[in-house]
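Here is the structure we will look at, set down as structure tokens.
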Amino acid sequence: MFILTKQEGSIESGAYATIDTDGITMVQFFVDKDDAISYNTLLGAVGFELQVTETPDESIDKLCDMLGHAYSVVEPGQVVVPRAETLVDTLSSYL
């Protein structure tokens with residue numbers, strides 16, 4: 001799985017998260033690296049400077065559970081476009 005982080009290769013540096021319509025913090029994980037890169041390119045166009053970082057599949061539940069965040073898994077080829085109202089600079093620190 002792949003996630004967008006502040007520093008390449010470092011989940012501890014902070015991960016990109018959005019706020020859904022119910023106000024829940026949502027972290028997005030991508031199965032395909034190219035999809036993560038595409039999403040990161042869209043975020044870069046509005047000023048976010050993030051990196052694509054690989055994370056082991058088995059750590060997703062544990063990581064998000066520990067932080068109290070929900071998550072979604074973007075399947076290969078699934079198109080994900082950031083909603084304007086959720087483009088909030090929400091970088092969660094995992095320290």
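Note that the numbering runs from 1 along the sequence shown for the chain.
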> In Å, rounded to the nearest 0.5 Å, how long is the span from CD1 of I37 to CG of L42?
Replying inline: 12.5 Å
> If you round to the nearest 0.5 Å, how far is CG of N40 from CZ of F2?
Replying inline: 13.0 Å
Nearest heavy atoms of [X] and [Y], plus distance in Å:
X	Y	value
Q7	T53	O-OG1, 3.7 Å
D35	Q78	OD2-N, 4.3 Å
K6	Q51	O-CG, 3.9 Å
C64	A70	SG-O, 4.4 Å
V31	E75	CG2-OE1, 3.9 Å
M1	V73	CE-CG1, 3.6 Å

>> Evaluate F29 against V27 for side-chain contact (heavy atoms from CB on, under 4.5 Å), listing each step before the verdict.
In response: CA-CA 7 Å; F29 291 89; V27 179; 3.7 Å; yes
> Do any N or O atoms from the side chain of D20 and from the backbone of D22 form a donor-acceptor pair under 3.5 angstrom?
Replying inline: yes
> Do Y16 and F48 have their ring centres less than 6.0 Å from each other?
Replying inline: yes
>> Determine whether V52 and L4 satisfy the following criterion, side-chain contact (heavy atoms from CB on, under 4.5 Å), listing intermediate values before the conclusion.
In response: CA-CA 5 Å; V52 175; L4 303 181; 3.7 Å; yes
>> If you define the side chain from C-beta out and look only at heavy atoms, does anything of I19 sit under 4.5 Å from T25?
In response: yes
> Does the side-chain contact (heavy atoms from CB on, under 4.5 Å) test come out yes or no for I3 and Q28, once each step is laid out?
Replying inline: CA-CA 7 Å; I3 188 172; Q28 292 173 317; over 6 Å; no
>> Determine whether L43 and L50 satisfy the following criterion, side-chain contact (heavy atoms from CB on, under 4.5 Å), listing intermediate values before the conclusion.
In response: CA-CA 8 Å; L43 291 173; L50 301 169; 4.0 Å; yes
>> Would you say that more than 12 heavy atoms from the other residues, nucleotides or ligands in this model lie under 6.0 Å from the CD of E8, or not?
In response: no
